[in-house]
Every structure is written in C-alpha cells, then in structure tokens.
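Since the structure comes first, as structure tokens, the remarks are kept for the end.
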Number of protein chains: 2
Amino acid sequence: MKVGTLAKKAGLTVRTLHYYEEVGLLAPAQRTEAGHRLYGAAEVARLQHVVLLRQLGFSLEEIRACLDQPEASLARAVALRLARLEEEIALQQQLHRRLETIAARLRAAEDVSIETFIQTIKVMTMIEKYYTPEQLKQLEERGRQIGEERIREAEGEWKDLIAEVRAEMEKGTDPASETMQRLAARWQGLIQEFTGGDPGIYQSLKTMYQQEGPAKASRGMVDPEVTAYMVKAMQAGE
Amino acid sequence: MKVGTLAKKAGLTVRTLHYYEEVGLLAPAQRTEAGHRLYGAAEVARLQHVVLLRQLGFSLEEIRACLDQPEASLARAVALRLARLEEEIALQQQLHRRLETIAARLRAAEDVSIETFIQTIKVMTMIEKYYTPEQLKQLEERGRQIGEERIREAEGEWKDLIAEVRAEMEKGTDPASETMQRLAARWQGLIQEFTGGDPGIYQSLKTMYQQEGPAKASRGMVDPEVTAYMVKAMQAGE
DNA sequence: ATAAGACCTTACGTCGCGTGAGGATCAAGG
DNA sequence: CCTTGATCCTCACGCGACGTAAGGTCTTAT
C-alpha cells in the first residue's frame with residue numbers, strides 16, 4: 001500500500017505520514033526501487049493506534065514511547081493525561097469566568113473605551129486576589145439568580161445611599177443618630193444582598209477594602225472619609 | 001526606562017519586549033546613541049494593556065488590532081474570544097469524558113494490553129456516534145450513581161443471562177415459553193437499569209445494535225443468533 | 001507516446017517566545 | 001584610569017505538528 005492510499009484510509013495527509021516517519025513514529029515496511037514508500041498490514045494497524053492515541057491528546061513523543069514499549073503502563077499514561085487535561089480545563093474555566101464578567105460589565109457600561117475596559121480587567125484581577133475560586137463561583141451563581149437588571153438597580157441605590165451619607169457627614173450629623181442608623185441599615189442590607197449572607201464572602205470583601213482601600217475596592221464609588229464615617233455609624237449601632 | 005527595568009516591572013523577560021517590538025506591538029519611545037531601548041510613560045501604559053489582554057487569551061495580532069484602532073469594537077472582540085473559548089472547553093470536556101471512561105474501563109479490565117486499550121477507544125468512538133452529548137452526560141451521571149461495583153456485578157449478570165439464553169436456544173425452547181419469558185424479563189430489566197428508563201437512550205442503544213450489529217455493539221458479549229432469539233421472545237411476550 | 005496524476009526530497013512558515021553566541025556599553029570600585 | 005560585572009545589542013536556531021510550496025521523478029491510463 002502506497003502513502004496516498006494509506007493517508008486516505010486513515011484520514012490523514014501524505015505530509016503527515018512523511019512526518020511520522022521523520023520522527024520515527026511509523027516507518028514504511030519497505031520502499032520500491034524508485035523510493036516510493038510501501039506499507040504493510042502491521043503498519044496500518046500501528047497507524048490506527050497512533051490516530052486513536054492522538055485523538056486522546058497525547059503528543060507524538062508519548063505515543064511513540066507507548067507503542068515502542070508495550071509493557072509501559074498505559075493506565076499511568078492515561079492518568080497523567082487526565083490530570084494535565086483537568087488543569088487545562090480549570091484554567092479555561094477561570095478564563096471563561098473572567099470573560100463572562102467582562103462581557104457583562106461591557107454591556108452595563110455606557111462608555112466602552114479601552115480605558116474602562118482595562119479598568120474592568122484590573123478590578124477583576126484584584127477581586128480574584130481576595131476571593132477563593134469557590135467564592136467566585138458562588139458570586140457568579142448569585143449574579144445569575146439576581147439578574148442583571150437588579151444589579152444595575154442596586155448600583156443606582158448605592159449611588160443614592162452614598163450621596164445621602166455624604167450629605168449627613170458634611171452636615172456633621174452624629175453617627176449614632178437615628179437618621180444615620182437607618183442609612184447604616186440600608187448599607188448593610190445592600191452588602192447582605194451582594195454576599196448572599198455568606199460570612200466567608202463578607203470576610204473576603206472586608207479584607208479587600210482594608211488592603212486596597214475603599215476607593216479602589218469600590219471602583220471609585222466611595223471614598224475613605226465616607227467609609228470611615230459609615231463604620232462609626234455601624235459601630236454605634238451595635 | 002531601559003528594557004531590563006521595564007521587563008521587571010511588567011513581569012516579562014527582555015526577550016519578550018524585543019519580540020513585541022519585532023512584531024510591531026510595542027516600540028520604544030527612542031534609543032540611546034548606543035542603540036539601547038528607552039521606554040516612556042506611554043509605552044509603560046501600552047505594555048500594561050498588552051499584558052492584560054494577553055491574560056484574556058488574545059493573540060498578539062488581535063491585541064495589536066485592538067490597541068491600534070481604539071474605536072474597534074472591544075465588546076465584539078470579547079464576544080468572539082468567549083465563543084472560541086466555549087468551543088475549546090466543549091472539546092476539552094468531551095476529551096475528559098473519554099479519558100475518564102477509558103480510565104474506568106482500564107481499572108475494570110484484568111488485561112491491560114495495548115490491544116484491549118485500543119479496543120476500548122474504538123468502542124468509545126462508536127458509542128459517541130450514536131448518543132448525543134447530553135445523553136452521554138446522563139449516562140456518565142448514572143454510572144456514578146450506580147457505582148463501579150454494581151457495574152461489574154451487572155456485567156457478570158449479563159454473562160450468566162446470555163449463557164442461559166444460549167442454552168435454551170440450543171435446546172430449541174419455544175421463545176414464547178414461560179422459561180424464556182422470565183429470561184426476557186431479566187434481559188429487559190438489565191437494559192432498563194442501564195438506560196435509567198430514558199426512552200431516548202433506549203432508542204439510541206437500539207439504533208447502535210441495528211447499525212453495528214450485536215457483536216460489535218456489545219463488545220463481543222452477545223452474538224447475532226442469541227440476539228435474534230431474544231428479540232423473538234420479547235415479541236412473543238407483547 | 002504522452003499526459004495526468006502520484007510520488008520523491010528539500011525547505012520555509014506557523015506562534016510566542018526561550019536560549020544561547022558573540023560582542024558593545026554602562027556604572028561602580030580600586 | 002582601568003577593570004569588572006551587569007546590562008545591553010543583534011543574529012539565529014529551537015520547540016510541535018504539521019501546511020504549503022518548488023522542482024523533479026515515477027506510474028498509469030489512454
């Protein structure tokens with residue numbers, strides 16, 4: 001059997017068969033005097049094995065090792081490949097979460113310049129530093145449950161709330177006053193809605209605000225003064 | 001700022017920065033008379049963008065296009081990347097299912113030669129031809145619920161059952177006889193356990209047996225004669 | 001006999017750099 | 001001022017698994 005025939009049978013190209021010979025994976029049984037490659041039944045079988053192993057994502061090198069020493073632990077090779085694949089999948093899924101979040105934020109933002117885009121990515125990497133992968137999954141799940149619309153609405157509520165708090169702060173209102181306690185309750189309600197009541201997520205959120213500062217952590221929505229003032233109000237309420 | 005400094009700041013190597021200049025992605029603002037690269041604030045910013053976009057899995061070419069025409073639809077680029085990623089993930093997960101199945105079969109088989117291994121893979125590709133991806137997921141899920149032990153047990157039951165049916169066939173027992181009806185009931189019970197009662201899976205299974213023939217479809221456990229005899233018994237029972 | 005098709009070897013391109021080789025330049029100490 | 005070590009430069013090959021010519025030889029059908 002000549003190369004072209006074998007190539008068609010195996011669904012490969014002639015070049016591929018040439019290459020397999022080049023790397024010592026599959027040599028023809030013999031050659032004609034003109035140098036044309038001739039393959040026998042054994043080669044057909046071996047090629048079939050190669051194709052199947054390739055479909056499982058093994059490298060040509062690994063396949064060669066596998067086929068050349070039949071006593072080599074196939075089970076080990078499969079386990080190894082499986083482990084590698086699982087790592088890859090985990091990476092891909094992390095990337096998927098990032099891209100989804102970014103896409104959602106892009107849909108939400110009115111300004112889609114490169115700057116906001118880059119800003120979004122920076123925020124995401126910051127967030128990924130403070131939440132564990134499981135927490136991120138949970139947050140994603142909660143985001144879906146709540147819906148994009150409610151998220152936008154909540155962002156509006158935050159804006160209003162912060163503005164009101166700042167007004168009280170500038171008026172010099174006592175943090176322990178009833179007005180401030182009502183605002184503090186709304187504040188904690190919004191946080192509660194975000195965390196879904198999960199104490200771990202609440203903790204991570206707090207750590208992020210402490211480490212990065214309120215301005216960065218809130219993406220510019222709130223500044224240190226207002227935050228400090230609100231913390232006082234919440235402490236007074238305890 | 002010189003290359004080494006910039007490289008350290010960005011967490012890249014000097015070679016990478018050289019390469020980025022080579023492909024027209026990031027050129028230094030100027031050079032010293034000795035030819036040393038000098039980068040300014042604008043280049044630092046651009047490099048930051050490049051790094052971030054790389055983390056999202058964009059190719060250098062795509063990044064260049066993105067950065068060189070700021071009005072280019074970032075949202076579209078993200079959507080495109082997301083779609084590509086989802087395809088990749090789907091492929092990886094298919095591969096993952098295959099490898100898991102193979103690993104399980106390898107654990108179950110006493111003979112772990114290349115031949116059984118290859119045989120397993122062939123069977124898997126055949127199976128994937130007849131079941132939809134959702135059905136495969138369902139089957140995987142059922143396999144986990146049932147447990148490997150019960151699966152091995154069931155395989156033993158199949159062997160016994162087939163032997164008994166063959167014995168009756170060779171004795172010339174009437175397919176409509178009560179003996180055969182009891183065997184048919186056991187037969188259908190085992191199938192039922194496998195399909196989990198899903199009619200779609202049952203249909204796919206039937207199609208596979210019709211198209212591939214009983215010997216191939218059952219991995220050599222049953223032959224056409226026994227199958228035909230059993231079909232008669234089941235028809236007689238209706 | 002001739003034309004079309006199959007075959008041969010050689011070799012460069014892909015992508016994102018890593019890893020040298022061999023030499024020029026720079027900053028700091030003796 | 002000279003040396004030394006760090007940093008810089010360009011050039012170029014390497015990777016993995018082939019694709020894609022280019023330019024020539026062989027086989028097969030008419």
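The sequence lines fix the lettering, A, B, ..., with proteins before strands; numbering per chain opens at 1.
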**Report entry** Proximal nucleotide (of D:dC18, C:dG16, D:dA12) relative to the A:Y19 side chain
**Finding:** D:dC18

**Report entry** Closest nucleotide among C:dC12, D:dT27, D:dC9 to the A:R15 side chain
**Finding:** C:dC12

**Report entry** Intermediate values then yes/no, side chain to side chain contact (heavy atoms under 4.5 Å, CB included), B:R219 and B:K122
**Finding:** CA-CA 10 Å; B:R219 288 167 267 152; B:K122 278 194 199 167; over 6 Å; no

Query raised in the report: So does B:E128 pair up with B:R97, basic N to acidic O under 4.0 Å?
Result: no

Requested in this report: Nearest whole angstrom, please: distance from the C1' of C:dC7 to the CG of A:L38.
Outcome: 11 Å

Query - Nearest-nucleotide pick for A:T16, side chain only, options being C:dG18, D:dC26, D:dC18 - result: D:dC18

Requested in this report: Would you indicate which nucleotide in C:dC7, C:dG16, C:dG18 comes nearest to any side-chain atom of A:V14?
Outcome: C:dC7

Query raised in the report: Can you check whether A:R31 has a side-chain N or O nearer than 4.0 Å to OP1 or OP2 of D:dC26?
Result: no

Requested in this report: Return the value, rounded to whole Å, for the distance between atom CZ of A:F58 and atom P of D:dC18.
Outcome: 16 Å

Report task. Could you state the atom-to-atom distance from CG of A:L12 to C1' of D:dC18 in whole Å? Result -> 11 Å

Query - From D:dT10, C:dC8, C:dC17, nucleotide with atom closest to A:H36 side chain - result: C:dC8

Requested in this report: Determine: side-chain N/O of B:R37 to OP1/OP2 of D:dC8, distance under 4.0 Å, yes or no.
Outcome: no

Report task. Rounded off to whole Å, could you give me the CD-to-P distance for the B:E22 and C:dG18 pair? Result -> 13 Å

Requested in this report: Take atom CD of B:E62 and atom P of C:dC15, then tell me their distance rounded to the nearest Å.
Outcome: 11 Å

Query raised in the report: Counting heavy atoms not belonging to B:E149, are there more than 12 under 6.0 Å from its CD?
Result: no

Query raised in the report: Side-chain contact, heavy-atom cut-off 4.5 Å: B:D198 with B:L139?
Result: no

Query raised in the report: Should B:R54 be listed as having a side-chain N or O under 4.0 Å from OP1 or OP2 of C:dC17?
Result: yes

**Report entry** Proximal nucleotide (of D:dT10, D:dA17, C:dC17) relative to the B:H18 side chain
**Finding:** D:dT10

**Report entry** B:E86 side chain near A:E100 side chain, heavy-atom distance below 4.5 Å
**Finding:** yes

Requested in this report: Have a look at A:V3 and say if it touches a base, only the backbone sugar-phosphate, or nothing, with a 4.0 Å heavy-atom cut-off.
Outcome: sugar-phosphate

Query raised in the report: Heavy atoms under 4.0 Å, any strand shown: does B:S59 hit a base, just sugar-phosphate, or nothing?
Result: sugar-phosphate

Report summary line: Here the distance between atom C1' of C:dC15 and atom OH of B:Y20, to the nearest Å, is 12 Å

Report summary line: Considering only heavy side-chain atoms of B:T13, the closest of D:dT10, C:dG18, D:dC8 is C:dG18

Report task. Check the distance between D:dC9's C1' and B:L17's CG and give it to me in whole angstrom. Result -> 14 Å

Query raised in the report: Can you tell me how far C1' of C:dC7 sits from NZ of A:K8, to the nearest Å?
Result: 13 Å

**Report entry** Cationic N near anionic O, under 4.0 Å, B:K129 to B:E212
**Finding:** yes

Query raised in the report: Start at the 5' end of DNA chain C and walk down; is the nucleotide closest to B:T32 or to B:E61 reached first?
Result: B:E61

